[in-house]
Each structure stands twice: as C-alpha cells, then as structure tokens.
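Notes to accompany the following structure.
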Amino acid sequence: MSQDIPYKIYLKENEIPDKWYNVRADMKNKPAPLLNPGTHEPLKLEELEPIFCTELAKQELDDTTPYFDIPAEIQSFYKMYRPSPVVRAYCLEKALGTPAHIYYKFEGNNTSGSHKLNSAIAQAYYAKQQGLKGVTTETGAGQWGTALSMACAYFGIDCKVFMVKVSYEQKPFRREVMRTYGASITPSPSMETDIGRKINEEFPGTTGSLGCAISEAVETAVKNPGYRYVLGSVLSQVLLHQSVIGLEAKAALDKYGIKPDIIIGCAGGGSNLGGLIAPFAGQMLRGEENYRIIAVEPASCPSLTRGKYIYDFCDTGKVTPLAKMYTLGSGYIPAPNHAGGLRYHGMSTVISQLYDDGYLEATTAKQTEVFEAATKFARTEGILPAPESSHAIKVAIDEAMKCKETGEEKNILFGLTGTGYFDLVAYKNYNDGTMENYLPTDEEIAASLAKCPQV
Ligand SMILES: *Cc1c(COP(=O)(O)O)cnc(C)c1O
C-alpha cells in the first residue's frame, strides 16, 4: 500500500476558497425558474423579499454570475472549523481488499456535526446585515436547526425552529443543543400556525414531514415583522454556499495530482452533493473533463430515481413557490420507520437539471444496507457516520468492490457529510435487528404525484 499520499490532505488556512462558485453560470440548460404559485409567472425579486433576506433572494435568482466573494466575516467563521480534510480511507480499502483509492471529504468536524453550517453561517450573516431580528426555519433530523442556531448565536439574532415531530421525539438531545445556542424549538405540525392546525386536523397523529415544517416556518416568518425564512437545503443559494466543499476538495486533490474517477454524494435536497460536485461539474459543463457522478438516495424517498421532473410545491402546505424538480409530490411523507434522513420529497432544481441532462447518475440504497455500510466504516475508519452520509459510503463500497473484481485502481471520492451521534436510536434498531426496509409502491407514488399542480 503506497503511503505517499497522506491520510489527511489539509489545505492551509489561506488556501480556503474566498469565493463561492455558482455552477448555474456554466449550465447551458439553466434550471427552470421558480414560479409564483398563483400566476405561474417566474418569481421576481420583490416577490421573494417578504420571505427571504434580500441578498439571499438575489443569489437565488442569479444564474449567470460564476463567482461570489465570500464576505470576510464568513471567511473568519469558516476558519473555526475549516478547511475540512480530504481523507484517504486506507483502512477501509484494506478491509475491502480493493485496489481502488477511496477518499472522503469530511464535513462533520463541527458541533452541528454536518456540512449545513457552511450555509447557515452565510444565511445568518445576510440576515444580520439586513438588520433583521431573526429567522425561522424547519429542521428534520436536526442538523440544520443546530447549524442555524450556532450561526444565529454568533451574529446575535433570534432563531425559531420548527422540528419534524418524529425527530423532536426521537432526538431530545438535538433539541437541547439548539436551546443551548439560544434557539426556540417547536414540534411540527404544531398548533401555532394556521397550516399546522390544518395539517393536524387532516392527518391526526401525523409524525410530520419536512415539507410540513417548511410551511409552518414560512408562515411564521411572513406574519412576524423583522423575520425572514431560511432553508438549509434544496435552494440554489444553499448549493452556492456549499460549493466551498467541492472547491476545497478539488484544491486538496489537485495538490497531489489526483483526479477522481467517481464522485459520490448522498442526496436529500441536493445541497451537499451540489456543493461537492460544483467545480467538477463545472469542468464537465465547460467540456474540460469527465467524471462519473453518482447521487444516492434512500429507497423509501426516491425522488430522482422514481419521481417526475415537473413543477411542484416545495412544501406540504403549498405556501412556497413552485419549483421544477424531480419530485414525489409535495404531499409525500416517507414511512415513519425510515430512520436514515434524506426525507425531502423533491430535489434541488440545479441537481434535477444536471441529472436530466445526463451529467449525473442516481441510485437508491435500502436503510439496512446503509447501516451495514455505516458499521463497516465506523469499525475501519473510526468515525461514526451520519445515516445520511452512509448512503454515499454504501455506494462507495459497492464501487470499490467492483474495482476488486476488475482490478482497476480507480479514485473514488465521496462526501462524508456528518457524524451520527444523534442517530443512535436508528443505530439501536439496526443493532437490535428490528430495522425494516420500506419501499413505496408505484401506486403510492403515482397517487402522490397526481396531486401536483398542473403547470
Ligand atoms: C441534511 C443532511 C444531508 C442531506 O441534505 P442535502 O441537502 O441533500 O445535502 C446529508 N447529510 C447530513 C449529515 C445532513 O445533515
């Protein structure tokens, strides 16, 4: 085994990117515009401003500017936990007996435990700049709420989090981390908003969904002066901020002349994947290089692989703009036994368009397979991975095993988006052998898609 490549490739502090890269600028087929749900006309900045911070709304609508300067205050916050390392998974390779070289970009080295902090700090910064009192948001598994709480505490603004009820109950300790950073947490669907009360009435006892928590957070932002809504995934602005992952990864690999043959990311709303692949996809779009890019989604929430590429609402309560994306229908709620995260019904418009244009592949993983891969990874590489990240681990291992058969020394890069310390109920189910796989039927998906708006 050659050791000339270090276990961990770190950039120097002054090599952290000072610009985010907007992959949309290099896309010939731009992602379809967000539409006003009433008129079906493309949304204008003025229509986004009551919901989003103005600067973030501008980033959302900008599909031509390739680079955005990262403001100095965000750069200095990044220095607290960045650069994140690219790690050569020597021990995993050895355990698998594969000739493949496996690398992962590790984003779990901060208290929130995931990549979400990269965008949280940017969004809190722009809210502060605008003189706002605070922000509202939703959180599913809790990583985004935690990241945003940290970011809001840093800039001294208020943070109201609607947390999907099933996670609120399964992860009481997440809640306490957020409260420690000063956020207020409400289980969703709640009785605090019109949409929450309506969803509770229509689906009594529902364990909630991300889409439904989004509706509550948007309603709360719009009804409270000095508040705006922020979102931790899906939006193009979030992919823009997350490009720091890919820019760092590429710079680190370039130092050692390593070109990844395969790049793998888990896909919930598409933000870590979009961030990781950004500079690589940019090269592909400009016709400079080719990579095999694989998005991995849960078999129980398969938007790219089994959804449709159509206009849909971004939330269950149908208060958000319409986005053209691969979707399972905004009313789709994954089975309550689904423990692996990545529960969102849709997909980033950028990832959707790149997928539709053939720049990336998509595949699914069942949750027991995901936890099997997570366990193998924990036992070899030492890090307890988040279930979400473990979707990417699963496919990285599969690809490495294919190399074992063919003898190919491929370079595999995957995104290790976070740690799994708050997912121990899911690990317990797996360890107890009580974890089950649930695959939605075609009829269920078709019934959910039938309720999408006609555009
Ligand atoms: C939120 C999250 C994801 C999925 O979100 P994307 O927007 O698809 O990246 C993946 N991994 C971790 C650890 C997360 O917290």
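Bear in mind the structure is a predicted one, so any value in this text is a computation, not a measurement. Worth knowing before you read on, the calculation uses all heavy atoms, side chains too, and leaves out hydrogens, waters and symmetry mates. For the single chain, residues carry numbers from 1 onward in sequence order.
- In this structure, Lys324 satisfies the cation-pi test against Tyr309, with its NZ or CZ atom closer than 6.0 Å to the six-membered ring centre and inside 45 degrees of the ring normal.
- Not one N or O on the side chain of Ser271 forms a donor-acceptor pair closer than 3.5 Å with the backbone of Ser233.
- A donor atom on one side chain and an acceptor atom on the other are not found under 3.5 Å apart for Ser119 and Gln242.
- A donor-acceptor pair shorter than 3.5 Å can be found between the side chains of Ser112 and Asn110.
- Relative ring orientation between Phe414 and Phe377 is described as perpendicular, the plane-to-plane angle rising above 60° on a 0-90° scale split at 30° and 60°.
- Taking the ring centre of Tyr7 as origin, the terminal cationic atom of Arg88 falls outside the region bounded by 6.0 Å and 45° from the ring axis.
- Using the six-membered ring where Trp is involved, Tyr126 and Trp20 have ring planes that are tilted, between 30° and 60° apart.
- In this structure, the side chain of Thr136 engages the main chain of Ala217 through a donor-acceptor pair within 3.5 Å.
- For the pair Lys259 and Tyr291, the distance from NZ or CZ to the six-membered ring centre is under 6.0 Å and the angle to the ring normal is within 45 degrees.
- Remark: the backbone N or O of Gln367 is paired with a side-chain donor or acceptor of Asn437 at under 3.5 angstrom.
- Put simply, the side chain of Arg175 gets close to the backbone of Tyr168: a donor and an acceptor are under 3.5 Å apart.
- Taking Glu381 as the reference, Tyr104 meet the side-chain hydrogen bond (donor to acceptor under 3.5 Å, both in side chains) condition, with sequence neighbours excluded.
- Using modelled atom types, one side-chain atom of Glu15 and one backbone atom of Lys12 make a donor-acceptor pair closer than 3.5 Å.
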Legend entry - Ser303 and Glu297: CA distance, side-chain angles, deciding distance, side-chain contact (heavy atoms from CB on, under 4.5 Å) verdict: CA-CA 8 Å; Ser303 48; Glu297 48 186 21; 3.5 Å; yes
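- Taking all atoms of both residues into account, the shortest heavy-atom contact from Pro279 to Lys250 is CB-CD, 3.9 Å.
- Remark: the backbone N or O of Cys403 is not paired with any side-chain donor or acceptor of Thr98 at under 3.5 angstrom.
- With hydrogens and angles disregarded, a donor-acceptor distance shorter than 3.5 Å links the side chain of Asn272 to the backbone of Cys266.
- A donor-acceptor pair shorter than 3.5 Å can be found between the side chains of Tyr326 and Asp356.
- Between Tyr427 and Phe371, the ring-plane angle classifies as perpendicular under the 30° and 60° cut-offs.
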Inset, instruction - Step by step, work out the salt bridge (Lys or Arg N to Asp or Glu O under 4.0 Å) result for Glu248 and Lys105. - result: CA-CA 9 Å; Glu248 277 186 11; Lys105 176 73 169 158; 2.7 Å; yes
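- Panel note: side chain Glu93, backbone Ile102; a donor-acceptor pair is recorded below 3.5 Å.
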